[in-house]
Amino acid sequence: MSLGKIIHKQDNELSKRIDKQKVPEHVAIIMDGNGRWAIKKGLPRSYGHKKGVKVLKEILKASKKLGCKVLTVYAFSTENWTRPTKEVDFLINLFTEVLRNEIDEIHKESTKIKFIGDLSPFPETLKKIISSSESQTKNNNKFLLNVCVNYGGRQEIVKVAKELALKSSSGEIKACEVNEELFNSELLTGGIKDPELLIRTSGEKRISNFLLWQLAYSEIYISDVLWPDFNEVEFLKAIIDYQSRNRRFGGIESLPNESFKDSQYSS
Ligand code: IPE
Ligand code: IPE
Ligand code: MG
């Protein structure tokens, strides 16, 4: 059997195990491991980034097929500027080229694309294509793809704090009106539903300054697969794992009435 057929078979088998009623609406992904993937193959790191784009396209398709509504991916962090200039420049050019080539397809699929992060340090060419892509797709409502670039969770929180402080000092709001709801609405994610699931590839067990506020109660799934090797089958495994979780949000698992006895708590 060819590799393609094996993957297709695995994919069908996994799809059958998915509870369609419990598909996460919003999935966030830290797409990590591009460099290591390339190095392992004796290739320059840039090959890993290129292959990573193909994987993103596959996962975007898979998440739509499954019935997810929002995908938020980490493409470039505020800390990634510390990489060699050549790699940073390569990534900036790659984002520009991919966006230019893919935007019509994204639009045709009725997907809205949003870029989240501080775009100001990027070159004009990238800023322009980001702006035109966002306006071209702004009325699409089937699916939302958030791409985080020059994004840092701490920077986002500081930005909101500053904005609220300014609004308070200008009298637009009162300090006592600041609450979670208001804070949330000022975030770069614009108050959309928090991700139910965070996937990080490449086996790293950290958040790396991603969506610090929004991930407060997300389920975390770490895949050992490097991002360029990630695929629909691995994505479905993450969803199945997510569906087996017991999300308690600080409460307790619902138990039959008899299990709750006041006497347990009396001293
Ligand atoms: C993720 O892969 C892509 C970006 C951070 C832009 P890496 O480039 O971090 O790959 P590794 O972690 O070095 O293998
Ligand atoms: C996180 O990956 C950022 C992106 C995937 C864009 P990194 O490779 O930059 O994170 P660390 O350095 O391993 O924490
Ligand atoms: Mg990395």
Side-chain angles (χ1 to χ4, degrees), residues 1-43 45-75 94-95 97-113 137 140-147 195-204 218-245:
M1 205 186 283
S2 72
L3 185 62
K5 275 194 180 151
I6 294 173
I7 290 179
H8 187 65
K9 192 164 169 256
Q10 254 183 308
D11 180 10
N12 276 340
E13 278 162 13
L14 289 171
S15 294
K16 280 189 213 139
R17 288 171 52 198
I18 286 183
D19 179 349
K20 295 276 184 233
Q21 306 306 314
K22 273 174 67 182
V23 168
E25 215 171 279
H26 185 177
V27 178
I29 309 184
I30 302 177
M31 311 180 290
D32 197 15
N34 293 354
R36 276 165 284 168
W37 178 88
I39 303 295
K40 260 172 60 177
K41 290 188 149 18
L43 298 166
R45 290 174 57 89
S46 56
Y47 281 71
H49 296 313
K50 272 197 193 165
K51 176 72 183 359
V53 172
K54 288 194 183 143
V55 175
L56 175 56
K57 282 177 70 180
E58 180 177 344
I59 300 308
L60 178 60
K61 219 165 135 185
S63 51
K64 283 180 194 170
K65 196 165 87 183
L66 201 65
C68 304
K69 294 285 171 225
V70 185
L71 191 65
T72 300
V73 294
Y74 208 5
L94 184 67
F95 299 152
E97 192 188 316
V98 169
L99 205 47
R100 196 174 284 140
N101 294 339
E102 300 295 334
I103 194 60
D104 287 341
E105 183 66 27
I106 291 172
H107 184 45
K108 226 166 59 197
E109 290 273 309
S110 224
T111 295
K112 178 170 166 173
I113 193 165
T137 62
N140 294 347
N141 53 17
K142 260 208 182 141
F143 196 87
L144 171 63
L145 172 65
N146 289 319
V147 184
E196 292 100 317
L197 171 65
L198 167 72
I199 300 174
R200 181 166 188 155
T201 58
S202 89
E204 303 295 357
S218 307
E219 295 299 322
I220 300 177
Y221 179 85
I222 307 286
S223 166
D224 285 330
V225 176
L226 301 172
W227 178 250
D229 281 333
F230 201 74
N231 56 26
E232 184 170 5
V233 168
E234 297 303 326
F235 181 69
L236 295 179
K237 284 186 197 166
I239 302 291
I240 290 168
D241 193 82
Y242 160 79
Q243 293 190 334
S244 74
R245 310 278 180 93

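Please read these numbers as outputs of a predicted model, since none were measured by experiment.
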Other residues, nucleotides, ligands: >12 heavy atoms within 6.0 Å of [X] [atom1]:
X: Lys20; atom1: NZ; answer: yes
X: Lys57; atom1: NZ; answer: no
X: Lys64; atom1: NZ; answer: yes

In the structure I gave you, are the side-chain heavy atoms of [X] and [Y] within less than 4.5 Å of one another anywhere?
X: Asn140; Y: Ile106; value: no
X: Gln243; Y: Val23; value: yes
X: Ile59; Y: Val27; value: no
X: Leu66; Y: Leu236; value: yes
X: Glu25; Y: Glu196; value: yes
X: Asp32; Y: Arg36; value: yes
X: Leu14; Y: Arg17; value: yes
X: Thr137; Y: Thr111; value: no

* To do: Report the C-alpha distance between Glu105 and Lys108 in whole Å, list the side-chain angles of each, state the deciding distance to 0.1 Å, and finish with yes or no for salt bridge (Lys or Arg N to Asp or Glu O under 4.0 Å).
  => CA-CA 5 Å; Glu105 183 66 27; Lys108 226 166 59 197; 3.7 Å; yes
Report, one line per pair, each donor and acceptor closer than 3.5 Å where one atom sits in a side chain of residues 220-232; sequence neighbours left out.
residue: Ser223; atom: OG; partner: Val225; partner atom: N; Å: 3.1
residue: Trp227; atom: NE1; partner: Gly52; partner atom: O; Å: 3.0
residue: Asp229; atom: OD1; partner: Trp37; partner atom: NE1; Å: 3.0
residue: Asp229; atom: OD2; partner: Trp37; partner atom: NE1; Å: 3.4
residue: Asn231; atom: OD1; partner: Val233; partner atom: N; Å: 3.1
residue: Asn231; atom: OD1; partner: Glu234; partner atom: N; Å: 2.9
residue: Glu232; atom: OE2; partner: Lys65; partner atom: NZ; Å: 2.8

